[in-house]
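To keep things clear, I will list the structure first and then write my remarks on it.
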Amino acid sequence: MKISSRQICFIMIAYTAATKLLMYPTLLSMASGNDLLFSALIDFVIGTAVIWSISFLCSRTDKTFFELIKGTLGEVTARIVFGFFAAFFLLSTLLPIFEQVGYIHNIFYDTVPSLGVFLPFFVFTVYAATKKFTNIGRCADICLPIFAASISFIFITAFSDVRWDNLMPVLKTPVFDIFRGAANTAYAFVEPCWLLMFMGHFKYKKGDVTKITLSYALGAATVLLFLAMFYGIYGAVAPSRTYAIARTSLFFPAIEVIGRMDLIVLFVFEIVMLFALVLNIQLAVYTLVKCTGYENRMLLSFLVNGALLAITIFCNSFYNNINELFYNWMWIMYIVFVVALPVIAWLFKRRTA
């Protein structure tokens with residue numbers, strides 16, 4: 001097998017949280033105000049249910065998702081579905097790339113053109129996207145301790161500045177706005193699709209359903225705690241505080257004495273965020289291999305990364321427009337790819353059992 005259930009658990013913990021600590025808290029607080037936890041909880045409850053469903057399906061079959069579709073609807077349909085998944089993973093990569101470009105420019109290299117700093121990333125992704133699931137699992141082994149140490153530092157340094165009364169009164173926001181906030185930020189929840197692609201590529205062991213589901217829940221709990229602390233620190237002005245993870249430790253007393261030591265932690269944490277971003281690109285190449293039947297991953301990686309690079313350069317000045325597009329419409333793709341297709345996979349299993 002190419003990846004272990006342990007490594008999948010690590011991905012569910014570290015990458016689930018790492019992908020939601022830049023602009024997600026800002027956008028969520030913009031939509032839901034001090035009730036942002038309820039909006040996030042809606043998406044996480046749905047995500048946890050889908051993760052459990054896929055994990056349970058993995059305990060009932062050793063087939064891959066591609067094989068399930070092929071056995072039910074034929075190879076042509078399976079290739080078409082995986083072609084759509086390739087497009088979905090590419091789209092899911094676009095906004096995080098622009099967020100990373102802005103984050104690196106504003107936090108680390110504010111005197112250097114942001115795109116110029118980020119371009120070497122594509123050199124790395126061309127190589128990384130050629131690797132198979134074994135490499136993805138090994139990267140998760142490295143990222144989890146980095147994530148645990150970094151997020152612990154961030155929580156410890158920020159905790160004393162949190163005003164928990166900023167989260168009160170509970171449910172002051174209209175219920176419609178809470179659900180709208182959940183829908184508009186649903187584009188950040190692609191983890192069930194990761195697990196769907198891992199189907200059949202790891203050896204299921206007794207108890208893995210619980211372990212994988214609880215790992216995702218732990219990643220979700222980390223995000224929820226961060227959201228509470230972020231809004232607790234900034235209150236009503238939270239919607240204007242971009243790149244949330246870099247804003248929570250600003251008021252730590254030691255910073256005034258020895259300087260921005262938190263930047264070291266943020267720089268290390270960036271490793272986890274980049275590997276989480278690379279995972280979508282790796283899965284885009286994997287789904288293209290299945291879609292086309294073409295095994296030259298290097299060429300497909302060049303095509304995928306070339307497309308992302310071209311879009312990044314062309315749309316670098318249109319981040320707000322892209323963000324608005326995702327914010328308003330990406331929930332439709334979320335329903336199809338993250339919720340509907342994983343559930344439909346059970347029907348494929350019944351037909352091929």
Original post:
Taking the hydrophobic residues Ile, Leu, Val, Met, Phe, Trp and Tyr, and joining any pair whose side-chain heavy atoms are under 4.5 Å apart, which ones share a cluster with Phe302?
Top reply: Val126, Met298
Original post:
Okay, side chain of Gln282, backbone of Ala128: is any donor-acceptor separation there less than 3.5 Å?
Top reply: yes
**OP:** Could you list the residues that satisfy side chain to side chain donor-acceptor pair (under 3.5 Å) with Thr222, not counting sequence neighbours?
**Re:** none
Original post:
Applying the 4.5 Å side-chain criterion to the ILVMFWY set and letting contacts propagate, would Val336 and Val343 be lumped into a single cluster?
Top reply: no
Original post:
Atom CG of Leu347 and atom OG1 of Thr72: how far apart are they, to the nearest 0.5 Å?
Top reply: 8.5 Å
Side chains of residues 325-334: which donor-acceptor partners sit under 3.5 Å, not counting sequence neighbours?
residue: Asn328; atom: ND2; partner: Glu324; partner atom: O; Å: 3.1
residue: Trp331; atom: NE1; partner: Asn328; partner atom: O; Å: 2.9

Subject >> Trace of the side-chain contact (heavy atoms from CB on, under 4.5 Å) decision for Phe66 with Met197 >> reply: CA-CA 8 Å; Phe66 184 87; Met197 295 302 115; over 6 Å; no
Original post:
At what distance, to the nearest 0.5 angstrom, does CG of Leu37 lie from CD1 of Ile178?
Top reply: 10.0 Å
Original post:
Hey, does Thr173 have a side-chain heavy atom less than 4.5 Å from the side chain of Phe38?
Top reply: no
Original post:
Same hydrophobic cluster for Val170 and Leu36, using side-chain heavy-atom links shorter than 4.5 Å among ILVMFWY?
Top reply: yes
Original post:
Any side-chain heavy atom of Ile154 within less than 4.5 Å of one from Met229?
Top reply: no
Original post:
Would you say the side chain of Phe133 lies within less than 4.5 Å of the side chain of Phe202, judging by non-hydrogen atoms?
Top reply: no
Subject >> Distance (rounded to the nearest 0.5 Å) between Ser5 OG and Met12 CE >> reply: 12.0 Å
**OP:** Could you check if a side-chain atom of Ile3 sits within less than 4.5 angstrom of a side-chain atom of Ile11, using non-hydrogen atoms only?
**Re:** yes
**OP:** Applying salt bridge (charged side-chain N to carboxylate O under 4.0 Å, His left out), name anything that partners Lys20, two or more places apart in sequence or on another chain.
**Re:** Glu191
Subject >> Phe82 six-ring face occupied by Lys290 cation (under 6.0 Å, within 45°) >> reply: no
Original post:
Which pair of non-hydrogen atoms, one from Gly181 and one from Ser32, has the smallest distance, and what is that distance?
Top reply: CA-OG, 3.9 Å
**OP:** Only pairs at least two apart or in different chains count here, so list each ring-ring contact (aromatic ring centres under 6.0 Å, His included) that has a residue in residues 207-232.
**Re:** Phe230-Tyr234
Original post:
If we only count heavy atoms from C-beta on, is the Glu270 to Gln100 side-chain gap below 4.5 Å?
Top reply: yes
**OP:** Tell me, yes or no, whether the heavy-atom count around Phe179 atom CZ, taken from other residues, nucleotides or ligands under 6.0 Å, exceeds 12.
**Re:** no
Original post:
So do the side chains of Leu27 and Asn323 get within less than 4.5 Å of each other, counting heavy atoms only?
Top reply: yes
**OP:** Give a yes or no on whether the backbone of Cys58 and the side-chain of Thr61 come within a donor-acceptor separation of less than 3.5 Å.
**Re:** no
Original post:
How long is the gap from CH2 on Trp346 to CD1 on Ile54, to the nearest 0.5 Å?
Top reply: 10.5 Å
Subject >> Closest approach of Pro239 to Gly235 (non-hydrogen atoms, all atoms of both residues) >> reply: CD-O, 4.3 Å
Original post:
Is it the case that one hydrophobic cluster holds both Tyr127 and Ile142, taking links as side-chain heavy atoms less than 4.5 Å apart, direct or via other members?
Top reply: no
Subject >> By ring-ring contact (aromatic ring centres under 6.0 Å, His included) - contacts of Phe337 (at least two apart) >> reply: Phe85, Phe88
Original post:
Do the side chains of Ile151 and Leu214 join up, straight or via other hydrophobic residues, at under 4.5 Å, putting them in one cluster?
Top reply: no
Original post:
Does Asp208 reach the main-chain N or O of Lys205 with its side chain, forming a donor-acceptor pair under 3.5 Å?
Top reply: yes
Subject >> Intermediate values then yes/no, side-chain contact (heavy atoms from CB on, under 4.5 Å), Leu57 and Leu68 >> reply: CA-CA 11 Å; Leu57 179 59; Leu68 286 180; 4.2 Å; yes
Original post:
So do the side chains of Leu277 and Phe121 get within less than 4.5 Å of each other, counting heavy atoms only?
Top reply: yes
Original post:
Could you give the distance from OH (Tyr243) to CD (Glu99), rounded to the nearest 0.5 Å?
Top reply: 7.5 Å
Subject >> Qualifying ring-ring contact (aromatic ring centres under 6.0 Å, His included) pairs with a residue from residues 7-35, counting only residues at least two apart or across chains >> reply: Tyr24-Phe189
**OP:** Write down the atom of Arg79, the atom of Cys291, and the distance for their closest heavy-atom approach.
**Re:** NH1-O, 3.2 Å
**OP:** Considering only NZ, NE, NH1 and NH2 on the basic side and carboxylate oxygens on the acidic side, decide whether Asp141 and Arg138 come within less than 4.0 Å.
**Re:** no
Original post:
Is a side-chain N or O of Thr287 found less than 3.5 angstrom from the main chain of Ala284, in a donor-acceptor match?
Top reply: yes
Original post:
At their closest point, which heavy atom of Ala228 faces which heavy atom of Val162, and how far apart are they?
Top reply: O-CG1, 4.4 Å
**OP:** Report the residues that fulfil salt bridge (charged side-chain N to carboxylate O under 4.0 Å, His left out) with Arg241, sequence neighbours left out, ordered by chain and then residue number.
**Re:** none
Subject >> Min side-chain heavy-atom separation Ile233-Arg247 under 4.5 Å >> reply: no
Subject >> Phe269, Phe155, Phe267 screened by side-chain contact (heavy atoms from CB on, under 4.5 Å) with Ser150, the one that passes >> reply: Phe269
**OP:** Check Ser240 against Val237 and note the closest heavy-atom contact, atom names and distance.
**Re:** OG-O, 2.7 Å
Original post:
Hey, does the side chain of Asp35 reach the backbone of Lys172 with a donor-acceptor pair shorter than 3.5 angstrom?
Top reply: yes
Subject >> Contacts of type side chain to side chain donor-acceptor pair (under 3.5 Å), residue Asn34, not counting sequence neighbours >> reply: none
Original post:
Of all residues at least two apart in sequence or in a different chain, which pass the ring-ring contact (aromatic ring centres under 6.0 Å, His included) check with Phe124?
Top reply: Phe275
**OP:** Please identify each residue that fulfils side chain to side chain donor-acceptor pair (under 3.5 Å) with Asn305, with sequence neighbours left out.
**Re:** Thr125, Ser301
**OP:** Just jot down the side chain to side chain donor-acceptor pair (under 3.5 Å) partners of Thr48, sequence neighbours excluded, or say none.
**Re:** none
Original post:
What pair of heavy atoms forms the shortest contact from Ser55 to Thr213, and how long is it?
Top reply: OG-OG1, 4.3 Å
**OP:** Determine, using the 4.5 Å side-chain heavy-atom cutoff (strictly less than), whether Leu308 and Val123 are members of one ILVMFWY cluster.
**Re:** no
Original post:
Can you tell me how far CG of Leu279 sits from CG of Leu274, rounded to the nearest 0.5 angstrom?
Top reply: 12.5 Å
